[in-house]
Novice: 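Just passing along the structure, written as structure tokens.
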Amino acid sequence: MLAYRIGYGEDAHRLEAGRDLWLGGLKIPDALHGAVAHSDGDAVLHALADALLSGLALGDIGQYFPDNDPANAGLDSATILRRCLELVRGRGYAPLNVALVVTLDRPKLGGLRPDIAASVAELLTLDRAEVGVSFKTSEGLATGHVQVRATVLLGRADG
């Protein structure tokens with residue numbers, strides 16, 4: 001067993017008026033558009049869940065939470081993340097730190113950085129200082145979507 005493993009995940013969702021926008025387990029206030037998704041569409045938690053799985057070559061969230069399963073309709077993405085975390089911990093690893101990059105033109109999220117980082121840290125039982133969050137815009141190239149990239153460092157839980 002390797003002492004450390006690195007996982008990477010991405011997620012993107014089209015945005016549509018009249019939907020809530022969830023990022024990092026938080027409902028984003030004043031968002032005029034939200035993610036079109038089978039679950040709640042939290043791209044941060046989806047990318048992070050995929051990063052956890054990829055670090056141990058466990059596939060992706062689509063295998064565990066297929067979008068054609070009615071049981072997953074409207075599913076809270078924190079549930080997805082917790083299940084993926086259980087799979088990682090069940091194989092003797094735990095997340096040590098996380099880096100997230102969120103690409104979204106509007107609304108501006110800079111003021112929510114501490115809240116999103118704290119929410120993710122709580123979900124992963126990490127110290128807030130172990131969760132890096134960066135925000136980017138698409139520079140007008142893709143204004144109707146949100147995209148997130150996540151990297152996670154996993155370490156052996158026994159070492």
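Sequential numbering from 1 along the given sequence is applied to the chain's residues. All heavy atoms count here, side chains included; hydrogens, waters and symmetry mates do not.
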Novice: Are side-chain heavy atoms of V101 and F135 found at a separation under 4.5 Å?
Specialist: no
Novice: Test side chain to side chain contact (heavy atoms under 4.5 Å, CB included) on L81 and L48 and set out the steps.
Specialist: CA-CA 7 Å; L81 183 64; L48 187 51; 3.9 Å; yes
Novice: Do R89 and T125 have side chains that approach each other closer than 4.5 Å (heavy atoms only, starting at C-beta)?
Specialist: yes
Novice: Does some side-chain heavy atom of R82 sit less than 4.5 Å from a side-chain heavy atom of L123?
Specialist: yes
Novice: Taking D50 for its side chain and I61 for its backbone only, find out whether a donor-acceptor pair lies under 3.5 Å.
Specialist: yes
Novice: Test your reading of the model: is there a side-chain donor-acceptor pair from H13 to the backbone of V36, 3.5 Å cut-off?
Specialist: yes
Novice: Decide if atom CG of D127 counts as having more than 12 heavy atoms of other residues, nucleotides or ligands within a radius under 6.0 Å.
Specialist: yes
Novice: Which atoms form the tightest heavy-atom contact between K27 and D20, and what is the distance?
Specialist: CE-OD1, 3.3 Å
Novice: Locate the shortest heavy-atom distance separating A150 from A51; write the atom from each residue and the value.
Specialist: O-CB, 3.7 Å
Novice: Looking only at side chains, do D40 and S77 share a donor and an acceptor under 3.5 Å apart?
Specialist: yes
Novice: Heavy-atom count around L96 CG within 6.0 Å, excluding the residue itself: above 12?
Specialist: yes
Novice: Taking side chain as C-beta onward, heavy atoms only, is L21 less than 4.5 Å from H33?
Specialist: no
Novice: Taking atom types as modelled and ignoring hydrogens, do the side chains of H145 and T103 form a donor-acceptor contact shorter than 3.5 angstrom?
Specialist: no
Novice: Between D42 and L45 (side chain of the first, backbone of the second, donor and acceptor by atom type, cut-off under 3.5 Å), is there such a pair?
Specialist: yes
Novice: How long is the straight-line distance from CG of L53 back to CD1 of I80, given to the nearest 0.5 Å?
Specialist: 10.5 Å
Novice: Between L26 and L112, is there a side-chain heavy-atom distance shorter than 4.5 Å?
Specialist: no
Novice: Kindly give the heavy-atom pair with the smallest separation between G24 and S119, and that separation in Å.
Specialist: O-OG, 2.6 Å
Novice: Apply side chain to side chain contact (heavy atoms under 4.5 Å, CB included) to the pair V152 and I6, showing each step before the final yes or no.
Specialist: CA-CA 6 Å; V152 62; I6 297 171; over 6 Å; no
Novice: Just do the side-chain hydrogen bond (donor to acceptor under 3.5 Å, both in side chains) check on D105 and S138 with the steps written out, would you?
Specialist: CA-CA 6 Å; D105 285 1; S138 74; 2.9 Å; yes
Novice: Do NZ/NE/NH1/NH2 and the carboxylate oxygens of R128 and E130 come within less than 4.0 Å?
Specialist: no
Novice: Any side-chain donor paired with an acceptor under 3.5 Å for D67 and H38?
Specialist: no
Novice: Is there a side-chain contact between L104 and L109, using heavy atoms and a 4.5 Å cut-off?
Specialist: yes
Novice: Honestly curious: do L87 and M1 fall in one hydrophobic cluster under the side-chain, below-4.5 Å linking rule?
Specialist: yes
Novice: Between L15 and V146, is any pair of side-chain heavy atoms under 4.5 Å apart?
Specialist: yes
Novice: Measure across S39 and L75 and return the closest heavy-atom pair with its distance rounded to 0.1 Å.
Specialist: CB-O, 3.3 Å
Novice: Of all the heavy-atom pairs spanning P95 and L126, show the shortest one and how long it is.
Specialist: O-CD2, 3.2 Å
Novice: Taking atom types as modelled and ignoring hydrogens, do the side chains of S134 and R149 form a donor-acceptor contact shorter than 3.5 angstrom?
Specialist: no
Novice: Looking at every non-hydrogen atom in both residues, tell me the closest pair between P70 and N68 and how far apart they are.
Specialist: CD-O, 3.4 Å
Novice: Check this for me: Y8, atom OH, are more than 12 non-hydrogen atoms of other residues, nucleotides or ligands nearer than 6.0 Å?
Specialist: yes
Novice: Checking L154 against L52 for the side chain to side chain contact (heavy atoms under 4.5 Å, CB included) test, could you report, in this order, the C-alpha distance in whole Å, the side-chain angles of both residues, the deciding distance, and whether it holds?
Specialist: CA-CA 8 Å; L154 300 170; L52 289 169; 3.8 Å; yes
Novice: Are W22 and I116 co-members of a hydrophobic cluster defined by side-chain heavy atoms under 4.5 Å apart?
Specialist: no
Novice: Would you check if D60 and S54 make a side-chain contact, meaning some heavy-atom pair closer than 4.5 Å?
Specialist: no
Novice: By salt bridge (charged side-chain N to carboxylate O under 4.0 Å, His left out), which residues pair with R83, not counting sequence neighbours?
Specialist: E86
Novice: Given L153 and Y93, is the side chain to side chain contact (heavy atoms under 4.5 Å, CB included) satisfied, shown in steps?
Specialist: CA-CA 10 Å; L153 177 63; Y93 285 86; over 6 Å; no
